[in-house]
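The block underneath contains the structure these notes are about, expressed in structure tokens.
Per chain, numbering begins at 1; letters A, B, ... match sequence-line order. Below, each value reflects all heavy atoms present in this structure, side chains not excepted, and no hydrogens, waters or symmetry copies.
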2 protein chains.
Amino acid sequence: MSSEEVTTRSRILQATLSLIERGNVAISMSTIAKEAGLSRQALYLTFADKADLFIAALRFADGRRGIVQEQACIRAAKTGTDALVAIVDLQARLSPAYKRLADAFELLRRQDAAAEKAWQDRQQDRLEGCRIVAARISAEGDLRADLTVEAAADLIWSTTSSTVWDDLVVKRGWNEMNYRTHLVELLLSWLKGSS
Amino acid sequence: MSSEEVTTRSRILQATLSLIERGNVAISMSTIAKEAGLSRQALYLTFADKADLFIAALRFADGRRGIVQEQACIRAAKTGTDALVAIVDLQARLSPAYKRLADAFELLRRQDAAAEKAWQDRQQDRLEGCRIVAARISAEGDLRADLTVEAAADLIWSTTSSTVWDDLVVKRGWNEMNYRTHLVELLLSWLKGSS
DNA sequence: CCTGGAGTTTACACCGTGTCAAGTGAGGAA
DNA sequence: TTCCTCACTTGACACGGTGTAAACTCCAGG
């Protein structure tokens, strides 16, 4: 179970992620096979189908970055407000790579229920993180009285999505600094409420 | 040029939109032809290719709803703040149909430059609307001093996207009322700024 | 009458996915 | 050494999607 072990499986996953991260959008099984130095058929010896391969690639990518560890950092923040900053921060750092993965999954999700589920599970994890932070802010008395923790979590979750990141940073050319400060301001002014 | 005229072209476009709005995601030329009561080849007599057809369908949909008229309503609002409410309101009403169109375009945009451009043009129109509203809010002295009109417009634009609407209303089950009040609060508290 | 336009059928080339059958080659066990 | 097995290769196929082409039908207008 050494993480450095080079199995055929890991070579395929590496090749897949390499293609995804290179921004190559239409990725065929042939392309992946070529990238991994294998025949197209060899992919089907390890993975049931394309969706199966991509789901494995998703988990592989999550494992390679320390997603769990990153999320622990959010939990370790001193206050709920700091945790919110950490969420925005994490999103600013991870979104470039995430966006590519999301794009690669876009086609597959519509056709394959398992791929859709894998993607939703991942979103669910992020939502769970947002919920915890919203609960902390509430517990610390920083949440406007007329907001529920649920509503706060949902809105934090949706505004810190990689789609919004893409709109602002990629499409509108914001730099990372602007993204972080403005998103934190946006959410905090709403959560704490004073107007 | 009667808008009620039933040409082959309009029958094809109707059929296409009907399939898109029915939530049918994988739409093939065969399916459209069947829906329109024509042979698959007939589609190619009117449209160069699938992207061409979908771009026409996009414009057709925009024309059928009075998009231009709707946007005039935003301009007609008494204050910049009212205009912002109108934007959120419009988005709440149009997003269900928009989201379907966006999904149908998702696949095409990656492959066809013209389809990508048509979609971007449309996004650009909405951004332009946000810019005008941001400028009005600024002119009326309601914009926080440390915010530029550009930044305000960008953030209004990205948080009122149909993706955020989908996240909140479809995925998180918000009702229209919640979506509208919370989004307006979110944006106004940030724009006017007091914390 | 006959011509052209709109639409039809049938066929093809090309590509992507997924399956199948037969072959190869290297390493381990007897 | 021989034999077996496992991982992998090659080549073929069915299926479905896009886009092109040729030939046929049908009908209205000159």
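If you walk DNA chain D from 5' to 3' and mark each nucleotide with an atom closer than 4.0 Å to a heavy atom of chain A, the marks span dC8(D) to dA12(D).
Rounded to an integer number of Å, the gap from Leu45(A) CG to dC20(C) C1' is 12 Å. Put simply, CZ on Arg40(A) is 7 Å from C1' on dG18(C), counting in whole angstrom units. The nearest whole Å value for the distance from the CG atom in Leu43(B) to the C1' atom in dT8(C) is 13 Å. When the C1' atom of dT19(C) is taken as reference, atom NZ of Lys50(A) falls 17 Å away, rounded to whole Å. Rounded to an integer number of Å, the gap from Asp52(A) CG to dG18(C) P is 10 Å. Counting to the nearest Å, the P atom of dA11(C) and the OH atom of Tyr44(B) are 19 Å from each other.
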Would you list the atom pairs, donor with acceptor, under 3.5 Å between side chains in residues 42-49 of chain B and any protein atom, with sequence neighbours excluded?
{"residue": "Asp49(B)", "atom": "OD1", "partner": "Ala51(B)", "partner atom": "N", "Å": "3.3"}
{"residue": "Asp49(B)", "atom": "OD1", "partner": "Asp52(B)", "partner atom": "N", "Å": "3.0"}

Indicate every side-chain donor-acceptor pair of residues 56-76 of chain A with a distance under 3.5 Å to a residue at least two apart or in another chain.
{"residue": "Asp62(A)", "atom": "OD1", "partner": "Arg122(A)", "partner atom": "NH2", "Å": "2.7"}
{"residue": "Arg64(A)", "atom": "NH1", "partner": "Gln14(A)", "partner atom": "OE1", "Å": "3.1"}
{"residue": "Glu70(A)", "atom": "OE2", "partner": "Arg93(A)", "partner atom": "NH1", "Å": "3.4"}

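Residues Gly37(B) and Gln41(B) each lie close to DNA chain C; by heavy-atom proximity, the contact nearer the 5' end of the strand is made by Gly37(B).
A donor-acceptor contact closer than 3.5 angstrom is absent between the side chains of Ser161(A) and Arg126(A).
Between Asp167(B) and Arg172(B) there is no salt bridge, since no side-chain nitrogen of the basic residue lies less than 4.0 Å from a carboxylate oxygen of the acidic one. The pair Arg131(A)-Glu150(A) meets the salt-bridge criterion, since a charged nitrogen lies less than 4.0 angstrom from a carboxylate oxygen. Arg144(B) has a carboxylate O that lies under 4.0 Å from a charged side-chain N of Glu185(A), or vice versa, which qualifies the two as a salt bridge.
If you check every strand for non-hydrogen atoms under 4.0 Å, Ser39(B) touches a base. Here Leu38(A) lies in heavy-atom contact (under 4.0 Å) with sugar-phosphate atoms only.
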